[in-house]
2 protein chains.
Amino acid sequence: MDREATLHDVAGKVGVSPRTVSRVVNDEGGYSPETRKKVLAAIEELRYRPNMVARALITKRSGTVGLVGGDMTDPFFPALAEGIQHRAREAGQTMFFASTGSDPDRQAEVLRSFWARAVDGVIVFPALDSIDQLTDYGRRGLPIVVVDDLVEAPNVACVLFDLPEGGRLAAQHLLSAGRRRMGVISATVSPPRRRHRERGFVAALTEADGDHLPAVIAEADPTVRGGEAGFAELLSLMPDLDGIFAYNDLVAIGAMRAAAASGRRVPEDIAVVGCDDIEMSTYITPALTTIRLDRGRLSNEAVAALHDLIDAPAQRRQPVVLPVELVARESA
Amino acid sequence: MDREATLHDVAGKVGVSPRTVSRVVNDEGGYSPETRKKVLAAIEELRYRPNMVARALITKRSGTVGLVGGDMTDPFFPALAEGIQHRAREAGQTMFFASTGSDPDRQAEVLRSFWARAVDGVIVFPALDSIDQLTDYGRRGLPIVVVDDLVEAPNVACVLFDLPEGGRLAAQHLLSAGRRRMGVISATVSPPRRRHRERGFVAALTEADGDHLPAVIAEADPTVRGGEAGFAELLSLMPDLDGIFAYNDLVAIGAMRAAAASGRRVPEDIAVVGCDDIEMSTYITPALTTIRLDRGRLSNEAVAALHDLIDAPAQRRQPVVLPVELVARESA
DNA sequence: CTGAAAGCGCTTACAG
DNA sequence: CTGAAAGCGCTTACAG
């Protein structure tokens with residue numbers, strides 16, 4: 001438990017200046033092969049590792065990226081966090097993680113903490129009403145990738161799924177299965193301006209049949225529990241409901257459970273379409289028909305966009321829109 | 001996008017020394033109320049935030065904890081990460097996360113990266129054969145909480161579930177349901193020395209009926225796929241198998257799927273007990289009987305143990321063993 | 001090819 | 001109650 005070796009220690013051991021050791025550590029060139037060899041040997045012997053904290057203090061780069069999520073226990077999230085962490089590490093970066101529970105105050109706290117620790121950039125699943133925060137940090141120079149929302153500001157890039165198309169696909173699938181009395185379960189954590197899947201769904205219904213097709217909307221937590229509650233609400237609005245589009249797969253699963261509990265069969269009486277395509281959806285009975293969002297793709301695009309932003313901060317860029325697809329299984 | 005305000009800027013604005021500003025920022029006392037008020041006002045006006053990087057360089061404390069996991073996509077993990085992150089934030093710390101895929105080389109890389117970034121401590125789900133690494137970092141002064149394994153070293157504390165008891169409970173449950181031809185599916189990522197649940201299971205069988213009760217063991221990946229393969233292997237070893245204890249719930253779900261695919265009914269023909277109690281287990285059909293591991297409790301204990309270690313490094317402590325319970329549902 | 005000096009933004013003894 | 005000085009472990013101009 002002695003002190004860790006420093007650049008200075010290595011220099012002393014070899015008999016060169018710290019500047020020279022710094023050169024070889026960072027592969028800058030400008031030293032003889034012998035010098036290099038001796039320095040490397042000393043580094044090995046002293047187990048020298050560059051102190052990233054000291055380096056960060058000068059360079060303003062800490063080799064870290066921050067991931068700001070809503071809630072790690074949302075099954076949509078882990079694969080994403082894993083992918084981002086993986087990509088970041090390939091670039092020599094370490095990942096911070098913090099969740100906000102969609103609360104803007106907690107998001108502010110998280111951003112402040114990340115900023116004070118000199119993160120190179122952040123990937124954010126924005127909390128409710130937090131665009132101003134993000135714009136502000138972007139202006140102050142923090143590279144930000146926003147997922148699933150549009151914000152225009154310096155140093156901010158956006159990556160999103162084509163959720164309107166997802167809603168449309170769900171509607172078409174339900175319609176072609178002969179469903180005519182539809183309900184959608186939206187999420188309380190999703191502000192009106194971000195309800196793209198719902199809008200796509202309703203738009204497709206309208207296109208299909210003028211505005212004569214009724215559609216009721218319920219709001220719920222984005223959980224299985226929420227889905228159960230949402231189903232009850234939908235039913236109270238439209239007792240002869242025969243098709244449901246759910247905010248996500250968890251909600252869809254909740255809706256199916258509530259349907260079963262009320263004596264209705266899925267898909268015979270009520271067809272259900274989810275969104276996300278989490279692993280569980282293939283294992284439940286009936287297996288869930290859903291809109292697949294490719295999380296691996298999202299991880300890659302988000303990290304790529306972030307590195308882009310870090311390398312060329314000035315340049316503005318277009319939002320990246322990721323395609324979605326409908327996966328037909330048993331529930332619809 | 002100007003430069004951020006520093007202690008020096010605040011001092012200049014108020015007309016005091018940086019030392020004085022530092023005092024009020026850190027609530028050290030030793031300043032007049034008026035000075036304090038003026039400093040606070042200047043901080044507000046300049047939007048001053050302490051630079052944690054600079055602070056860390058001196059104090060050797062960065063206000064960060066590292067979580068080193070196997071794989072975020074293991075459904076056991078997210079709730080844990082969420083809990084740890086939550087507790088850490090309550091203590092003013094930010095969480096690093098990296099996964100190792102149970103690969104010791106990747107774990108070494110992760111630990112090196114965390115160490116170079118001056119983490120205050122780490123919570124580790126150890127990769128295969130990586131005790132030496134952990135012992136080494138402990139000796140060098142890194143506070144480490146090891147989950148689910150026993151390692152004796154300075155600065156290392158251990159938190160584990162009572163897995164032998166879990167195995168015992170599973171065996172007793174299966175026995176009392178009249179099962180006599182048992183199989184266990186173990187995980188390839190779990191080294192022999194860490195197979196406590198399996199040992200507990202076999203021990204209970206032996207106690208119950210001398211050593212006449214046969215039990216076959218298969219090895220598989222800790223996934224649904226793995227469970228399917230494990231079931232096939234078990235069946236080839238013992239065609240009239242009637243009870244299975246699986247490494248975790250994912251494996252149990254895989255085994256149930258394979259059983260159904262082979263025309264066997266669960267639990268009538270084969271009873272299945274899992275381990276972990278992930279959310280999915282309550283939603284599949286039949287609902288899974290399993291050994292519940294309380295992840296919230298684990299998060300709390302791990303973070304508490306880490307803070308203990310940070311506050312009183314010298315002191316050795318006993319491993320913390322967390323109780324487990326069997327949750328009887330439909331599969332056994 | 002190599003090094004002396006300054007400094008990143010703080011805290012830590014120490015003196016008054 | 002307050003401040004001048006040194007230094008954490010590096011990198012960044014700059015000079016030779």
Side-chain angles (χ1 to χ4, degrees), chain A residues 2-40 42-43 46-64 112-113 115-120 140-141, chain B residues 2-40 42-43 46-64 92 112-113 115-120 141:
Chain A
D2 315 325
R3 197 173 52 78
E4 292 287 302
T6 69
L7 214 50
H8 194 259
D9 298 330
V10 176
K13 175 149 197 102
V14 181
V16 294
S17 73
R19 183 66 188 86
T20 296
V21 178
S22 173
R23 283 197 178 89
V24 350
V25 167
N26 294 303
D27 269 324
E28 284 178 46
Y31 38 75
S32 68
E34 309 95 80
T35 305
R36 192 183 114 93
K37 197 174 295 177
K38 282 190 289 185
V39 168
L40 255 20
I43 285 175
L46 297 176
R47 297 182 79 176
Y48 169 72
R49 299 286 160 209
N51 181 322
M52 302 304 276
V53 175
R55 187 179 280 174
L57 185 56
I58 303 176
T59 62
K60 311 296 178 206
R61 290 271 192 101
S62 60
T64 59
R112 176 147 23 92
S113 153
W115 176 252
R117 288 180 172 80
V119 289
D120 298 347
R140 288 162 75 180
Chain B
D2 315 325
R3 198 173 51 79
E4 292 287 303
T6 69
L7 214 51
H8 193 259
D9 298 331
V10 177
K13 176 149 198 99
V14 181
V16 295
S17 72
R19 183 64 188 90
T20 295
V21 179
S22 173
R23 282 197 178 87
V24 353
V25 167
N26 294 302
D27 269 322
E28 284 177 46
Y31 37 77
S32 67
E34 310 95 80
T35 305
R36 193 184 113 91
K37 197 174 294 178
K38 282 189 289 183
V39 168
L40 255 20
I43 285 176
L46 298 176
R47 297 182 76 175
Y48 168 73
R49 297 288 161 208
N51 181 323
M52 301 305 275
V53 175
R55 186 178 281 175
L57 185 57
I58 303 177
T59 61
K60 310 297 177 205
R61 291 271 191 102
S62 61
T64 60
R112 177 148 22 93
S113 152
W115 177 251
R117 289 181 172 79
V119 288
D120 298 346

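Note that the structure is predicted; figures quoted are calculated from it, not measured. By convention in this document, chain letters (A, B, ...) are assigned in the order of the sequence lines, proteins followed by strands, and residues within each chain are numbered from 1.
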For Arg36(A) and dT2(C), what is the distance between atoms CZ and P respectively, to the nearest whole Å? 13 Å
Rounded distance (Å) that lies between atom C1' of dG16(C) and atom OH of Tyr31(B): 20 Å
Rounded off to whole Å, could you give me the CZ-to-C1' distance for the Arg61(B) and dC10(C) pair? 17 Å
Candidate nucleotides dT12(D), dC14(C), dG3(C), ranked by approach to the side chain of Thr59(A) - the nearest: dT12(D)
Hey, does Arg55(B) reach any base, or is it just sugar-phosphate, or nothing, if we go heavy atoms under 4.0 Å? sugar-phosphate
Quick check for you: among dG3(C), dC10(C), dG9(D), whose closest atom lies nearest to any side-chain atom of Leu7(B)? dC10(C)
Please report, rounded to the nearest Å, how far the P atom of dT11(D) is from the CD atom of Glu28(A). 8 Å
Find the distance Tyr48(A):OH to dC10(D):P and express it as a whole number of Å. 4 Å
Qualifying residue, where the test is side-chain contact (heavy atoms from CB on, under 4.5 Å) with Arg55(B) and the options are Thr59(B), Val53(B), Asn51(B): Thr59(B)
Could you tell me whether a side-chain N or O of Arg117(B) sits under 3.5 Å from a main-chain N or O of Gly63(A), the two making a donor and an acceptor? yes
Assign Arg49(B) to base, sugar-phosphate, or nothing according to its heavy-atom contacts below 4.0 angstrom with the strands shown. sugar-phosphate
Measure from the side chain of Thr6(B), starting at C-beta and using heavy atoms only, and say which of dC10(C), dC10(D), dT2(C) lies closest. dC10(C)
Rounded distance in Å - NE2 (His8(A)) to C1' (dG3(C)): 12 Å
Quick one: list whatever passes side chain to side chain donor-acceptor pair (under 3.5 Å) with Lys38(B), sequence neighbours left out. none
Interatomic distance where NZ belongs to Lys37(A) and P belongs to dC1(C) [whole Å]: 15 Å
Once you round it to whole Å, what is the distance between P of dC10(D) and CG of Leu57(A)? 12 Å
Could a donor-acceptor pair under 3.5 angstrom be found where the side chain of Arg19(A) meets the base of dT11(D)? no
Would you state whether a donor and an acceptor, one from the side chain of Arg3(B) and one from the base of dG9(C), lie under 3.5 Å apart? no
Name the stems that DNA chain C belongs to, where each is three or more consecutive Watson-Crick or G-U pairs with both distances under 3.5 Å? C:1-3 with D:14-16, C:5-12 with D:5-12, C:14-16 with D:1-3
Treating Ser62(B) as the side-chain partner and Ala118(B) as the backbone partner, does any N or O pair qualify as donor plus acceptor under 3.5 Å? yes
Taking OP1 and OP2 of dC1(D), is either one under 4.0 Å from a side-chain nitrogen or oxygen of Ser32(B)? no
Using the side-chain heavy atoms of Ile58(A), tell me which of these nucleotides is nearest: dC14(C), dC10(D), dT2(C). dC10(D)
Across the strands shown, which category fits Val16(A) at heavy-atom distances under 4.0 angstrom: base, sugar-phosphate, nothing? sugar-phosphate
